[in-house]
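Residue numbers run from 1 in the order of the sequence given. We use all heavy atoms of the structure for the numbers below, so side chains are in, but hydrogens, waters and symmetry mates are not.
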Amino acid sequence: DRFSRNAMDAYRVINLLHKMDIEVQAVEQSIDFSVPESKLMLAMYLAMPEVDNDRRSIKIRGGIRAALKAGRWCTVAPYGYRNTRDMNNRPIIVPNEYAGAIRKAFEKDAKGIPQPEARRELNASGVPVKKTRFSEMVKNPMYMGKITVPAFENEPHRLVEGVHEGIVSETTFYAVQQVLNGFPQKRRISSTVRNEELPLRGILKCSSCGGKLTGSRHGPFAGDCT
């Protein structure tokens with residue numbers, strides 16, 4: 001069971017060693033390879049650790065899912081939180097010294113302030129969030145005190161109340177989602193949009209994909225989908 005926990009991989013390596021005139025033996029599970037029936041014993045020896053490994057994986061997945069249903073964050077604490085344990089010695093996440101900066105980033109996003117600007121201010125406060133991670137962060141309901149339980153078999157995807165403290169309010173979180181989905185409350189217009197040479201920038205839409213058109217000064221007029 002220490003040689004391999006995958007029967008197919010074990011067979012492949014054993015066959016490779018046999019071609020090199022090397023015989024694989026275990027002190028406590030010796031096999032006489034000159035006897036054809038011994039292959040049955042070899043199959044059992046190789047299958048048992050794989051079955052045990054699969055069973056452990058199922059138990060681990062079940063344990064993680066049970067923890068999610070109970071409202072517990074099961075991995076490394078995300079930005080704005082730290083891992084610790086509660087009074088019952090169970091793992092929990094609590095806001096850290098960067099929670100306030102995270103909250104301000106959500107509030108800026110909710111007001112329609114461009115994400116690059118909000119992310120730069122967050123980085124300046126000591127939270128090194130990259131562009132992709134920032135986009136994922138503001139979509140994570142964990143920050144409003146909820147835990148996502150993914151769909152599994154006959155169980156649908158759902159949100160449950162977390163045992164941790166949320167950094168932002170539900171109102172702020174859903175306001176951010178509206179902005180991200182194209183329904184800003186107070187979307188700030190950039191100076192490029194106000195350019196008199198491009199009065200229809202962000203208003204005209206592409207007839208193929210439906211995306212908004214922008215303009216440039218590389219010619220009399222050039223349009224690109226945003």
(request) Please step through ring pair (Phe, Tyr, Trp, His ring centres under 6.0 Å) for the pair F33 and H18, ending with a clear verdict. (result) CA-CA 10 Å; F33 286 98; H18 279 176; 5.1 Å; yes
Do [X] and [Y] have side-chain heavy atoms sitting under 4.5 Å apart?
X: E170; Y: K146; answer: yes
X: Y143; Y: P78; answer: yes
X: L180; Y: D109; answer: yes
X: V94; Y: R82; answer: yes
X: P150; Y: L68; answer: yes
X: V149; Y: H157; answer: no
X: L159; Y: M144; answer: yes
X: I14; Y: L42; answer: yes

(message) Using the rule given for side-chain contact (heavy atoms from CB on, under 4.5 Å), can you reason through K131 versus R119, listing the C-alpha separation, both sets of side-chain angles and the distance that settles it, and then say yes or no?
(response) CA-CA 8 Å; K131 180 179 179 181; R119 184 171 60 86; 4.1 Å; yes
(message) Does this structure show an ion pair linking R65 with E155, if we count only N-O contacts that are shorter than 4.0 Å?
(response)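 Answer for the salt bridge query: yes.
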(message) So that I can tick it off, tell me whether D52 and R5 are bridged by a salt bridge, with the cut-off set at under 4.0 angstrom between side-chain N and carboxylate O.
(response)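 A salt bridge is present here (some side-chain N lies under 4.0 Å from a carboxylate O).
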Can you get from [X] to [Y] by hopping between Ile, Leu, Val, Met, Phe, Trp and Tyr side chains that sit under 4.5 Å apart?
X: M142; Y: F106; result: yes
X: V160; Y: F173; result: yes
X: Y11; Y: I22; result: yes
X: Y45; Y: V51; result: no
X: V35; Y: I31; result: no

Looking at every heavy atom in both [X] and [Y], which two are closest together, and how far apart are they?
X: G80; Y: I167; result: O-CD1, 3.7 Å
X: A67; Y: C74; result: CB-SG, 3.4 Å
X: D86; Y: I92; result: N-CG2, 3.8 Å
X: N123; Y: V127; result: OD1-O, 2.7 Å
X: A105; Y: A118; result: O-CB, 4.3 Å
X: D9; Y: S4; result: CB-OG, 4.1 Å

(message) I'd like to know if the side chain of N83 reaches the main chain of V76, judged simply by a donor and an acceptor atom lying under 3.5 Å from each other, with no hydrogens or angles considered.
(response)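 The answer is no, because no donor-acceptor pair under 3.5 Å joins these two groups.
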(request) Please list, chain by chain and in numerical order, all residues satisfying salt bridge (Lys or Arg N to Asp or Glu O under 4.0 Å) with K139, sequence neighbours excluded. (result) none
Using 0.5 Å steps for rounding, measure from the [atom1] atom of [X] to the [atom2] atom of [Y].
X: K59; Y: R56; atom1: NZ; atom2: CZ; answer: 7.5 Å
X: Y81; Y: W73; atom1: OH; atom2: CH2; answer: 9.5 Å
X: M137; Y: I102; atom1: CE; atom2: CD1; answer: 4.5 Å
X: I147; Y: R72; atom1: CD1; atom2: CZ; answer: 10.0 Å
X: T84; Y: N96; atom1: OG1; atom2: CG; answer: 12.0 Å
X: K39; Y: L46; atom1: NZ; atom2: CG; answer: 13.0 Å

Count the heavy atoms of every other residue, nucleotide or ligand shown that sit under 6.0 Å from [atom1] of [X], and state whether that count exceeds 12.
X: E165; atom1: CD; answer: no
X: M8; atom1: CE; answer: no
X: R55; atom1: CZ; answer: no

(request) Could you tell me which residues satisfy side chain to side chain donor-acceptor pair (under 3.5 Å) with S34, sequence neighbours excluded, listed by chain and number? (result)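 Side chain to side chain donor-acceptor pair (under 3.5 Å) list for S34, sorted by chain: D32.
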(request) Indicate whether any N or O donor in one side chain lies under 3.5 Å from an N or O acceptor in the other, for Q115 and E117. (result) no
(message) Under a 3.5 Å threshold, yes or no: a donor from one side chain and an acceptor from the other, between T132 and S135?
(response) no
(request) Show the numbers, then the answer: is there a side-chain contact (heavy atoms from CB on, under 4.5 Å) between Q29 and M41? (result) CA-CA 9 Å; Q29 296 175 326; M41 187 61 66; over 6 Å; no
(request) Would you check if the distance from the ring center of Y79 to the ring center of Y98 is below 6.0 Å? (result) no
